[in-house]
Amino acid sequence: MNPNYQGSSTAIPNIYGKTDLTYNDYLKVPDLLQLQVQQSSPVHHDEMLFIIIHQAYELWFKLVLHELEFAISYMQQSEVLRAHHFVKRAVEIMKLMVPQIHILETMTPIEFLEFREHLNPASGFQSLQFREIEFVAGLKDPTYLKHFVNRPEIIAQLNARLQGPDLRTGYFKLLKNLGFDIPTEDTDENREAIILGIKPIYQSPKDHLPLYLLSESLVDLDEYLSLWREHHVRVVERVIGFKRGTGGSSGAEYLRSTTSKKCFPHLWDVRTYLEKMP
Ligand code: HEM
């Protein structure tokens with residue numbers, strides 16, 4: 001942090017008569033700017049980029065989670081357009097997250113190698129919030145908990161997400177509450193019945209416009225998460241090639257295998273079931 005930076009403490013009364021709250025107090029900017037602690041010694045110039053880009057993502061992840069939790073609660077109250085409003089905001093954030101990853105390509109592969117060993121064995125596998133986003137969306141894979149050994153508080157948080165509400169089943173329950181003929185249990189046996197339950201929305205969008213908008217915003221969310229995965233793996237290939245990950249995975253090969261994951265597979269499959277109206 002710039003040692004001369006003190007933050008602004010000028011106390012000018014605002015229209016509400018408050019004098020004591022400054023931009024820096026409100027946003028905790030001085031605190032935020034002290035959180036970039038490099039591990040390399042002597043400090044490698046590019047490590048600042050590496051830290052800040054990850055921190056920026058974690059801040060956006062926090063907001064995405066905040067919005068998705070709200071969307072789920074509106075689904076529970078059958079407030080379709082309110083739920084759509086907050087999913088849409090999460091989508092706009094995710095659109096921004098996709099191109100952001102490419103800033104890392106301004107780092108030469110050889111320069112990354114100069115400080116990579118200092119972050120080992122920290123890994124993206126340990127991004128709690130990324131996993132929470134997956135779980136909250138409906139992609140609940142408990143095998144990822146193994147990356148948090150010796151962190152019982154994180155395991156507890158992820159277990160709560162695993163057992164808690166999610167967008168995928170929240171959406172099925174919403175449709176059921178609105179009178180659609182749809183199972184709410186997400187099992188392989190129910191797969192086709194779920195798709196058939198959703199089908200009227202896609203067969204006749206104009207008759208179900210708020211639900212159609214919500215459904216498509218969920219598909220947008222899936223699409224941009226998937227695009228983030230695609231862009232991340234491209235950057236990884238470009239920077240470390242096919243080296244193993246610091247979290248112990250095969251690296252690019254593992255990441256490529258995640259790009260076909262879907263949070264809302266039924267909303268993708270329903271298109272295959274549509275018929276041209278007579
Ligand atoms: C030079 C830059 C980067 C490299 C070389 C890299 C490399 C990797 C590798 C190899 C993995 C697989 C897990 C492992 O074995 O460690 C991984 C996973 C992951 N990375 Fe990155 N990464 C980079 C940048 C980022 C950024 C900027 C983010 C933003 C948060 C990020 C988030 C993640 C997440 C969330 C995972 C887990 C993905 C999953 O399991 O589906 N990575 N990364």
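One-based numbering, in listed order, for ligands and for the atoms of each. Heads up: numbering here begins at 1 and tracks the sequence.
- Ligand 1 is never approached by Phe242 to a heavy-atom distance shorter than 4.0 Å.
- Ring pair His85/Tyr74: centre-to-centre distance not below 6.0 Å.
- Each of Lys262, Arg229, Arg161, Lys140 was scored for a salt bridge (charged side-chain N to carboxylate O under 4.0 Å, His left out) with Glu134, with one residue passing: Arg229.
- By the criterion of a heavy-atom distance under 4.0 Å, neither the backbone nor the side chain of Trp60 is placed next to ligand 1.
- Of all atoms in ligand 1, numbered sequentially from 1 with element shown, those under 4.0 Å from a heavy atom of Gly124 are 19 (C), 20 (N), 33 (C), 34 (C), 35 (C), 36 (C), 37 (C).
- Distances from ligand 1 to the non-hydrogen atoms of Val236 include at least one value under 4.0 Å.
- The shortest N or O to N or O distance between Ser127 and ligand 1 is not under 3.5 Å.
- When heavy-atom distances to ligand 1 are checked against a 4.0 Å cut-off, Glu58 has no atom that comes that close, whether in backbone or side chain.
- Listed by number with element, the atoms of ligand 1 under 4.0 angstrom from any heavy atom of Gly247 are 14 (C), 15 (O), 16 (O).
- The heavy atom nearest to atom 10 (C) of ligand 1, considering only Gly245, Ala122, Ala252, Ser249, is found in Gly245.
- Each of the following atoms of ligand 1 lies closer than 4.0 Å to a heavy atom of Ser123: 13 (C), 14 (C), 16 (O).
- Annotation for ligand 1: atoms under 4.0 Å from non-hydrogen atoms of Arg131 are 37 (C), 39 (C), 40 (O), 41 (O).
- Residue contacts with ligand 1, taken as heavy atom pairs separated by less than 4.0 Å, involve His54 solely via side-chain atoms from C-beta onward.
- Closest heavy-atom approach to atom 32 (C) of ligand 1 within the set Phe125, Tyr254, Trp228: this belongs to Trp228.
- Judged by a 6.0 Å distance limit and a 45° cone about the ring axis, Arg131 is positioned over the six-membered ring of Tyr144.
- Residue contact check: Arg229 has heavy atoms under 4.0 Å from atoms 41 (O) of ligand 1.
- Close approach to Gly251 involves these atoms of ligand 1, each under 4.0 Å from a residue heavy atom: 10 (C).
- Classification of Arg234 and Glu105 as a salt-bridged pair fails, no side-chain N sitting under 4.0 Å from a carboxylate O.
- When Asn190, Leu174, Ile194 are each tested for a side chain to side chain contact (heavy atoms under 4.5 Å, CB included) with Ile182, only one passes: Ile194.
- Proximity of Ile101 to ligand 1, defined as any heavy-atom pair under 4.0 Å, is confined to the side chain (atoms from C-beta onward).
- In this structure, the ring of Tyr273 has its center no less than 6.0 angstrom from the ring center of Tyr202.
- With a heavy-atom cut-off of 4.0 Å, Gln129 does not touch ligand 1 at all.
- Minimum-distance N/O/S atom of His232 relative to atom 21 (Fe) of ligand 1: NE2.
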